[in-house]
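Here is the structure we will look at.
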2 protein chains.
Amino acid sequence: MSLPAHNNELQAADRLTLYKQIRHDIERRILTGEWPPGHRIPFEHELMARYRCSRMTVNKALSELAQADLIERRRRAGTFVRRPQHLSAVLKIADIRAEIIALGRSYAYELIQCSRRAANAADRARLGVRKAGKVIAIACRHSADNVPFAIEDRLIDLDTVPEAAAADFTIEPPGSWLLHHVPWTEAEHTISAMVADEGTAAELDIAVGAPCLVIDRYTWRSARTVTAVRLLYPGESHRLIARFKGG
Amino acid sequence: MSLPAHNNELQAADRLTLYKQIRHDIERRILTGEWPPGHRIPFEHELMARYRCSRMTVNKALSELAQADLIERRRRAGTFVRRPQHLSAVLKIADIRAEIIALGRSYAYELIQCSRRAANAADRARLGVRKAGKVIAIACRHSADNVPFAIEDRLIDLDTVPEAAAADFTIEPPGSWLLHHVPWTEAEHTISAMVADEGTAAELDIAVGAPCLVIDRYTWRSARTVTAVRLLYPGESHRLIARFKGG
DNA sequence: CACGATTATATGTCTAGACATATATGTCAA
DNA sequence: TTGACATATATGTCTAGACATATAATCGTG
């Protein structure tokens, strides 16, 4: 158990670079429970010997695991497997048009209403701005295979995104337009449920009183409000989602 | 503009380490739009000169930004600001007990039903397993300030988690127990909406026909099913959530 | 025994090199 | 014009050191 420790310790393919092999090796031991939470991972100098490499290489592997919250590193004490405090899922909310097309279904878009106006009190509250600027208010509907998929009710702050005044939202959904014209924003999402009132039921072609999933998204870009949107999905077409990390 | 370029280029506090200052500096330029999507970030050797440091230091900053999908690196071509393809939010689903306590509200837990049985067809479908093993089926309710907060309907696979047979779910919520005894699982979430039927309405103390948010979570651990749970939240107590990255 | 000062040590960051590798681009021939 | 080939170059990984820094453990002292 001494000579080619290299090959004994690693079971990943050789095509991976060394630090990635180390990272995956440690990740595997954590995820399978071989090293449970609280377990002290071998010191860097021990891993150097085990994998026959320099400390920087070991450090790169451990740094990435620490960044992913799988391990915790404490000076002088060592490196420990973390206990996940909360489930954490990555919720991917694609551009609806792209999402439907990616599902291989036909996409249709209808602009229900679009107006440009000075922000009223309700608009300002929704956008979280104080002074009265101009906004675009949009209502539209996304359909997949000619069945209503979601309705969208959106405000765009024209002070932040003046280019939006020139966009043609009869052709392009505002979400898609924004995604391509106002990149790298930050957003806050709130998810809730509601029952369809008469107007909603008509727009989504469902029964009054049927459940709907609501996603409210508020988007900004370095301290300036960009847009606020409410998306309504019929409850049965259950919504997405995905991925891991957690206990 | 030549001598202490160091101080000209960076505006972050000096207490940060150099590579973090570089990372934040570049991140800021991307997030404010100074460097829009597609923009080529200076080559590593240019950043070395700009920040007066070695290539490894620049590389560490850029590697982290690449890991966060803010930039894309292509050999021979250079490093470019990425266009975010989809909104991506980190949805943190805390242990309900911990979540309520963290909100400063009083937490109460009631076990409604708990039984141990051989998995029937419905159980197997829900857990995604083929062979018939033993399961624990649990129904319980979480309350905040004596108001129903969520009801939980859960199956635990005893083949994967035999220790669960010894747990006392009259005292500890199964989610909390699992979090502390079966760490580092993976999970898939589905979010949808439904209206309360009679039973649900009674358990959540809401009206029949009121909206509910539904989170279905399926949890596994290295190819073995751990648990499947359905959480029902009254729709008004809108659900959480959070954070950024996206266009 | 309690508590403050000292020391040892594991991680955090950084350097100045090196070679590997993917690929954009230019060159040349068909 | 096009396709095959060679070349240049930016990133990817790695090394063998160095010093910094936080802190666990130890030692001394009251």
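Quick note on labels: first sequence line is chain A, next is B, and so on, each numbered from 1. All values below were derived from every heavy atom in this structure, side-chain atoms included, with hydrogens, water molecules and symmetry-related copies excluded. None of these values were measured; they are calculated from a predicted model.
Minimum interatomic distance between Tyr109(B) and Ile171(B) (heavy atoms only, all atoms of both residues): CD2-O, 3.7 Å. Shortest non-hydrogen contact noted between Phe169(A) and Leu111(A) is O-CD2, 3.6 Å. Nearest approach of Ile22(A) to Cys53(A), heavy atoms of both residues: CD1-SG, 4.0 Å.
With the nearest nucleotide of DNA chain D identified for both Arg55(A) and Arg55(B), Arg55(B) has the one nearer the 5' end. In terms of position on DNA chain C, the residue among Thr57(B) and Phe43(A) whose nearest nucleotide sits closer to the 5' end is Phe43(A).
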Does Thr185(A) form a side chain to side chain donor-acceptor pair (under 3.5 Å) with Arg221(A)? I'd like the steps, not just the answer.
CA-CA 5 Å; Thr185(A) 56; Arg221(A) 176 185 182 78; over 6 Å; no
Using the rule given for side-chain contact (heavy atoms from CB on, under 4.5 Å), can you reason through Ile215(A) versus Ile191(B), listing the C-alpha separation, both sets of side-chain angles and the distance that settles it, and then say yes or no?
CA-CA 11 Å; Ile215(A) 297 183; Ile191(B) 299 176; over 6 Å; no
Could you go through the side chain to side chain donor-acceptor pair (under 3.5 Å) check for Tyr19(A) and Glu64(A) one step at a time?
CA-CA 10 Å; Tyr19(A) 96 86; Glu64(A) 289 194 1; 3.3 Å; yes
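Boundaries of the chain A contact region on DNA chain C are dA8(C) to dC14(C), first to last in 5' to 3' order (nucleotide atom under 4.0 Å from a heavy atom).
In summary, Glu152(A) and Arg217(A) do not engage in a salt bridge, as defined by a charged side-chain N under 4.0 Å from a carboxylate O.
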I'd like a list of close polar pairs between nucleotides 22-27 of chain D and the protein, N/O only, cut-off under 3.5 Å.
unit_1: dA24(D); atom_1: N3; unit_2: Arg76(A); atom_2: NH1; d: 2.9

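Residue Ser63(B) is classed as having no contact, given no heavy-atom separation below 4.0 Å to the nucleic acid.
The OH atom of Tyr233(B) sits 4.0 Å away from atom CD1 of Ile96(B), with the distance rounded to the nearest 0.5 Å.
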